[in-house]
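Worksheet: one structure, shown below.
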2 protein chains.
Amino acid sequence: MPVTIRDLAKKLNLSITTVSRALDGYKDVSESTRQRVVNAAYEMGYQPSYAARQLRRKRADAIGYILPTSSPRFSDPLFSSFVSGLCDEASDHQIDLVVSSCPPETQDEQAMYHRWLDSRRVDGMVLNRTRVYDWRVEFLTRNKIPFTLLGKPDMIYDAPGIVVNERGGFESLVRHLAAQGHRRIAYIGASPYLTIQLERYAGYRQGLEAAGLPFIPELVVVGDLTEEGGRQAGLKLLEMENGPTAVLGINDVTALGVCRAVQDAGRMVGRDVAVAGYDGIKESEFANPPLTTLFQPTYEIARRLTAMLLGVINGETLPETRITLQPELMIRASTQNRAF
Amino acid sequence: MPVTIRDLAKKLNLSITTVSRALDGYKDVSESTRQRVVNAAYEMGYQPSYAARQLRRKRADAIGYILPTSSPRFSDPLFSSFVSGLCDEASDHQIDLVVSSCPPETQDEQAMYHRWLDSRRVDGMVLNRTRVYDWRVEFLTRNKIPFTLLGKPDMIYDAPGIVVNERGGFESLVRHLAAQGHRRIAYIGASPYLTIQLERYAGYRQGLEAAGLPFIPELVVVGDLTEEGGRQAGLKLLEMENGPTAVLGINDVTALGVCRAVQDAGRMVGRDVAVAGYDGIKESEFANPPLTTLFQPTYEIARRLTAMLLGVINGETLPETRITLQPELMIRASTQNRAF
DNA sequence: AGACGCATCCAAAACGTTTTGGCCTTCCAG
DNA sequence: CTGGAAGGCCAAAACGTTTTGGATGCGTCT
């Protein structure tokens with residue numbers, strides 16, 4: 001049976017009011033009794049009941065994040081960095097992070113958001129993998145729930161968050177490949193309802209245009225952001241009679257799948273086919289050969305998103321409500337040493 | 001202002017008691033009114049306040065996990081799988097996962113466990129990266145808090161959990177290397193207070209013995225489970241005048257650091273120096289060359305640990321309270337193609 | 001007719017805090 | 001001596017549920 005504020009009050013011959021206020025450091029309790037209270041609380045190992053406090057204060061001291069588990073099980077290592085970032089920043093502020101997983105755009109997802117927010121389980125949310133039309137953004141703004149998000153949906157609502165210049169990133173990537181002499185550059189994307197697809201594909205097209213390369217529709221195929229999806233798409237591209245000499249994955253995981261497909265086909269990444277991705281996950285660095293990619297500081301982004309969120313929750317006015325970052329092009333062996 | 005049970009009762013001309021019991025499916029409310037209540041609840045978007053419910057029920061419907069952030073920021077990708085597993089399994093049971101991060105064996109860690117458990121923020125915890133003498137195990141059993149853990153500390157307490165035969169794994173790994181002709185096999189470990197160090201190091205020693213190889217103290221160095229630590233330790237080993245021909249990392253991340261050190265030294269992994277790790281993280285598969293490792297199904301382990309934990313919380317008697325798994329030796333290029 | 005069982009419903013207590021609106025003293029200025 | 005301010009404390013309400021222990025009415029059995 002845990003010790004309550006009432007036990008403490010009885011022990012000290014004080015009212016629970018005074019104990020509560022003493023612990024919260026109010027001015028209307030004398031310094032000497034405050035000391036007594038604090039000491040006793042420490043000795044008896046008193047911790048205020050989280051539930052009771054939340055009920056009164058109407059604050060959960062927690063933020064939420066729901067990670068999109070697309071496939072049956074395993075998810076992008078990208079989310080590992082993201083969750084770490086959320087977690088570390090929240091911990092620094094004595095705030096808890098509660099996470100759950102759910103396939104996006106499903107009934108379950110809606111139910112889960114409703115459950116969390118209608119029951120005031122968290123004070124705010126961080127969103128990720130934004131959709132072009134994102135019902136979550138509408139839902140949260142309509143219900144006046146604080147949130148921040150990575151990416152910008154194509155909606156009237158203006159939400160605080162961080163946006164990365166993915167379009168520009170992909171454009172520069174295509175130019176890099178064009179400079180290497182590639183003229184048939186493929187792109188493996190994802191569902192068009194995701195902003196990352198919108199932006200990165202647009203960047204791909206812009207890059208082609210800027211480099212004066214023709215757009216070849218057959219070289220655009222849609223994946224599912226997973227490694228296996230990338231492999232499948234890669235195989236399809238490699239089987240074409242007039243296939244690509246370079247393949248861009250919408251993310252690193254897809255690109256790694258392509259690498260595997262290339263190997264399966266008995267060819268060599270870098271020498272026979274150039275491959276590049278986006279994200280800058282650790283795996284890309286250790287890949288064989290190392291993967292050219294656009295690095296985006298996921299961990300720091302997550303930290304900043306939670307810092308911003310906590311600001312919003314506390315009613316502060318943020319210095320900047322929308323931050324733009326540039327991804328960094330990391331050229332590695334997978335797009336060099338071309339042998340043809 | 002969210003809708004409460006009282007609003008619902010008023011609207012329906014019922015007492016809050018009846019509404020509550022109707023929603024919980026008690027037998028003492030007629031089917032017709034139950035329907036009325038359920039419909040109204042749905043229409044008005046009623047969700048019971050999480051805090052109020054938790055306060056009454058004395059149940060948080062949440063489990064906790066604190067991830068050990070050793071270095072300033074980034075952590076082992078291993079934990080990504082682990083958290084995914086916890087999360088998915090918890091979600092399946094409509095239970096939330098609350099996570100935080102904290103450097104192990106610090107004041108902060110103790111404070112954090114106390115804060116969570118004395119304030120009944122979670123119903124139980126999953127532990128990881130067990131210590132040989134693990135105060136958390138003592139703390140949790142003493143306070144009768146449900147928990148499960150991966151690994152077995154060397155303590156009197158008997159806690160439900162999963163244990164992997166790391167010792168046997170490392171022994172077989174050493175034998176594999178010995179069979180390849182290696183006679184000077186190094187081992188890069190970690191703090192001796194971790195059970196993984198205890199077990200894996202013991203396995204290393206057993207392997208040497210079994211293979212009839214001499215134990216050479218200089219070939220054992222202590223790392224910190226990070227890639228950079230592995231690289232440092234690797235460099236140290238490579239500088240030795242009579243250095244090892246094979247290096248074992250206590251985990252994959254360490255081994256990857258060694259790979260980097262080997263490259264830095266202008267030598268080739270596999271050909272000049274064999275390298276192997278433990279965990280079977282994704283990176284090891286994509287490494288250059290692919291890394292020999294002992295695979296352990298972290299994701300599934302995490303799922304089973306939470307399933308077990310939920311069983312304990314619900315007062316069930318577990319079919320088996322301690323599960324033992326065998327790691328799988330995955331031999332890849334990093335320990336083959338020896339050229340000397 | 002009385003006792004009893006059954007089906008529905010409910011008032012009030014409880015959970016452990018925080019906050020509101022005071023109540024006593026004491027002290028000082030007028 | 002009095003009025004008022006200030007310092008230190010507290011009783012009670014409130015937060016939104018769940019649970020306890022009936023209450024009511026109706027039919028059935030003795």
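Bear in mind the structure is a predicted one, so any value in this text is a computation, not a measurement.
Put simply, A/Tyr46 has a side-chain N or O that comes within less than 4.0 Å of OP1 or OP2 on C/dT17. Taking only side-chain nitrogens and oxygens, A/Ser49 never comes nearer than 4.0 Å to OP1 or OP2 of C/dG16. For A/Thr17 and C/dT18, the shortest distance from a side-chain N or O to OP1 or OP2 is not below 4.0 Å. Distances shorter than 4.0 Å separate none of the side-chain N or O atoms of A/Tyr26 from OP1 or OP2 on D/dC10. Between B/Ser30 and C/dC9 there is a side-chain N or O to OP1 or OP2 distance below 4.0 Å. At least one side-chain nitrogen or oxygen of A/Lys58 sits closer than 4.0 Å to the OP1 or OP2 atom of D/dG16. Checking the phosphate oxygens (OP1, OP2) of D/dC10, a side-chain nitrogen or oxygen of A/Ser15 falls inside 4.0 Å. Phosphate contact (OP1/OP2 of C/dC9, side-chain N/O of B/Thr33, threshold under 4.0 Å): present. Residue A/Arg6 places none of its side-chain N or O atoms closer than 4.0 Å to OP1 or OP2 of C/dT17.
For A/Arg56, the listed nucleotide lying nearest its side chain is C/dG16; candidates were C/dG16, D/dT17, C/dC10. Distance from the side chain of B/Ile16 is smallest for D/dT18 among the nucleotides C/dG16, D/dT18, D/dT20. Residue A/Arg57 has its side chain nearest to C/dT18 when only C/dT18, D/dT17, C/dG16 are considered. Of the candidates C/dT17, D/dT20, D/dT18, D/dT18 carries the atom nearest the B/Ile5 side chain, counting heavy atoms from C-beta on. Nearest to the side chain of B/Asp24, among D/dG16, D/dT18, C/dC9, sits D/dT18.
Because its NZ or CZ atom is both nearer than 6.0 Å to the ring centre of A/Tyr50 and within 45° of the ring axis, B/Arg121 counts as a cation-pi partner of that residue. Relative to the ring axis of B/Tyr26, B/Arg21 places its NZ or CZ within 45° and under 6.0 Å from the centre.
Less than 4.0 Å separates DNA chain C from no heavy atom of any residue of residues 34-45 of chain B.
Taking atom NZ on B/Lys27 and atom P on C/dC9, their separation rounds to 14 Å, with Å as the unit. Note: CG (A/Leu14) to P (D/dC9) measures 7 Å, nearest angstrom. Between the CG atom of A/Asp118 and the C1' atom of D/dG16 there is a distance of 15 Å, rounded to whole Å. Distance, B/Gln54 CD to C/dC15 C1': 11 Å, rounded to whole Å.
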Quick test: give all pairs of protein nitrogen or oxygen and nucleotides 22-24 of chain D nitrogen or oxygen below 3.5 Å, distance rounded to 0.1 Å.
none

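Partners of A/Glu320 under the salt bridge (Lys or Arg N to Asp or Glu O under 4.0 Å) rule, at least two apart in sequence or in another chain, do not exist in this structure.
Across all strands, A/Ser20 comes closer than 4.0 Å to base atoms (heavy-atom distances).
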Quiz item: Can you list the steps and then say if B/Trp135 with B/Tyr113 is a ring-ring contact (aromatic ring centres under 6.0 Å, His included)?
Solution: CA-CA 11 Å; B/Trp135 72 267; B/Tyr113 275 87; 5.4 Å; yes

